[in-house]
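Numbered from 1 within each chain, the chains take letters A, B, ... in sequence-line order.
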2 protein chains.
Amino acid sequence: MKAIWVYDLEIRSMELHLQIKMNEKLFVRNPEQTELGRKIIEFSIRLIHENGFEAFTFKKLAEVIGSTEAGIYRYFENKHRILIYLTAWYWSWLEFRVTFHLNNVSDPSIKLKKLIQLLAANVVDDDSTLYVDESLLHQIVIAEGSKAYLTKHVSEDNKDRLFKPYKDLCSLIAGIILEYNPAYTHPRSLATTIIEMANLQMFFMHHLPSLTDFGQSKDEQLVVEFLEDLVFCSIRK
Amino acid sequence: MKAIWVYDLEIRSMELHLQIKMNEKLFVRNPEQTELGRKIIEFSIRLIHENGFEAFTFKKLAEVIGSTEAGIYRYFENKHRILIYLTAWYWSWLEFRVTFHLNNVSDPSIKLKKLIQLLAANVVDDDSTLYVDESLLHQIVIAEGSKAYLTKHVSEDNKDRLFKPYKDLCSLIAGIILEYNPAYTHPRSLATTIIEMANLQMFFMHHLPSLTDFGQSKDEQLVVEFLEDLVFCSIRK
DNA sequence: TTTTAAATGATAGTATTACTATCTCATAAA
DNA sequence: TTTATGAGATAGTAATACTATCATTTAAAA
């Protein structure tokens, strides 16, 4: 496994800056390396969160960051690539969190529980990344995430490894499932089911509550319970 | 339960024409009642299937059916409404099929098995509807279906009951789950999980196979097995 | 310190998309 | 015969999704 996360540890100020190494094919120019690039990330998150991906345009983005459309095209081929970039970033960040929280945990059932918690619970912006609001990004992934791969050009995008972070997280989860029960026959499909349902049940809970069993309380812990139940029943030895 | 399906039974010719009664708010003018309207349905299915929803425009649709953009706007407010219409149609049609196939079946476990088969297996165009190719429509629902509700205006669309067919199917499934095990605590969330995963695992199997456990064979029966396993483990008494 | 390259800003322009409006004409029901 | 209805034809607009060019600032290299 190659290094995906770069720790920029400043001992003196006791700040841990987390930098995620992104696939070069996701962008035209690396947005993390310039001021404008970082503004593009920060404000595309805000705008997509606010108005939805369909209403998001480079023109509007350019306006709020005081730049021009052409300026943004220097970083991203089109708005869909920004969406893929943001979701890829999110999945990489989540994989880091999962790895971090599962460190030194040996019991696979505890691993799975912590994992489900990390996947389904609301995210609090953790300040370890300056220009990414993880809380907003999480909500974007819930509401817009699947649009990143539900396209006619999935296969080409996949060849460019644009979905690798998602796949890596899926592999990680599948591995833990197999640790728990090496005989389980569908670890990957169950992993994607957990990931996707963590997001979708949250979306339904808020917007189409009658499609879930937790419309009244709108408590994300109920989603966690549902997923735990689903997973542990399935992989029971 | 109000009548959703209209059977237009022609005894003499032995043809059963199935007509699905659609919510009035889905369209500006009912496309089923005119030649142009039916062409809009037929060819929007073909075009969306062929080029994807993003590349689908009223202009292109108008060209292939020999009409004009303005002509299509007389039937649908915009292309997103066509997508909602098509998915609503599909879910109504599927609910009809499920009800039909589960008729006279009393054992809830057989019901659930038949249901999963109907949800996850490839659809064969059944010729009972002249201008709807159910096979193509099924593939559209797999690849584009969630875009119908993943918008900033879900709640308003929901108030107009545009997602009622989906919800009805969900209720139907949840009911069968409770028949099997009245003590099961998440029947609705499990129902949406079955529906969504039937589609998503199929999509992943074909386009991002490493996210599933059936990438090699690409056999949809493996999706059926996965779902059966998932469901019956969860609701076991 | 000067040269050079990189990053950005400013401006312009095009094809396409997503509509709205209006007017005519054919047809078929009242 | 009147009158709605459905549909074709045409026009026009604002916004979207780009591409191209050139000037300027800034920062790194010589």
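Electrostatic pairing of B/Asp157 and B/Lys152 does not count as a salt bridge here, judged by no charged N lying under 4.0 Å from a carboxylate O. Taking the charged nitrogens against the carboxylate oxygens, B/Lys159 and B/Glu156 have no contact shorter than 4.0 Å, which rules out a salt bridge. Comment: A/Glu50 does not engage A/Arg46 in a salt bridge, judged by the lack of any side-chain N to carboxylate O separation of less than 4.0 angstrom. A salt bridge does not link B/Lys164 with B/Glu95: none of the charged nitrogens is closer than 4.0 Å to a carboxylate oxygen.
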Collect all protein-nucleotide pairs involving nucleotides 13-18 of chain C in which both atoms are nitrogen or oxygen and the distance is under 3.5 Å.
| from | atom 1 | to | atom 2 | distance (Å) |
| --- | --- | --- | --- | --- |
| C/dA18 | N7 | B/Glu69 | OE2 | 3.4 |

Would you tabulate the nitrogen or oxygen pairs shorter than 3.5 Å linking the protein to nucleotides 3-10 of chain D?
| from | atom 1 | to | atom 2 | distance (Å) |
| --- | --- | --- | --- | --- |
| D/dA7 | OP1 | B/Leu36 | N | 3.3 |
| D/dA7 | OP2 | B/Tyr75 | OH | 2.0 |
| D/dG8 | OP2 | B/Ser67 | OG | 2.8 |
| D/dG8 | O6 | B/Arg74 | NH2 | 2.6 |

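Nucleotide C/dG9 holds its C1' atom 15 Å from the CD atom of A/Glu63, rounded to whole Å. Atom CG of A/Leu47 is separated from atom C1' of D/dT16 by 15 Å (rounded to the nearest Å). Computed from coordinates, the A/Asn30 CG to C/dA6 C1' distance equals 15 Å when rounded to whole Å. Rounded to whole angstrom, the span from the CD1 atom of B/Ile72 across to the C1' atom of C/dT20 amounts to 15 Å. Remark: P of C/dA7 and CZ of A/Arg38 are 12 Å apart, rounded to the nearest angstrom. Rounded to whole angstrom, the span from the CD1 atom of A/Ile82 across to the P atom of D/dC18 amounts to 11 Å.
With a 6.0 Å radius and a threshold of 12 heavy atoms from other residues, nucleotides or ligands, A/Lys147 has its NZ atom above the threshold.
Partner A/Ile173 forms a side-chain contact (heavy atoms from CB on, under 4.5 Å) with one of A/Thr192, A/Leu119, A/Val98 and no other, that one being A/Leu119.
Ring pair A/Tyr149/B/His207: centre-to-centre distance not below 6.0 Å.
Relative to the ring axis of A/Phe100, A/Arg97 does not place its NZ or CZ within 45° and under 6.0 Å from the centre.
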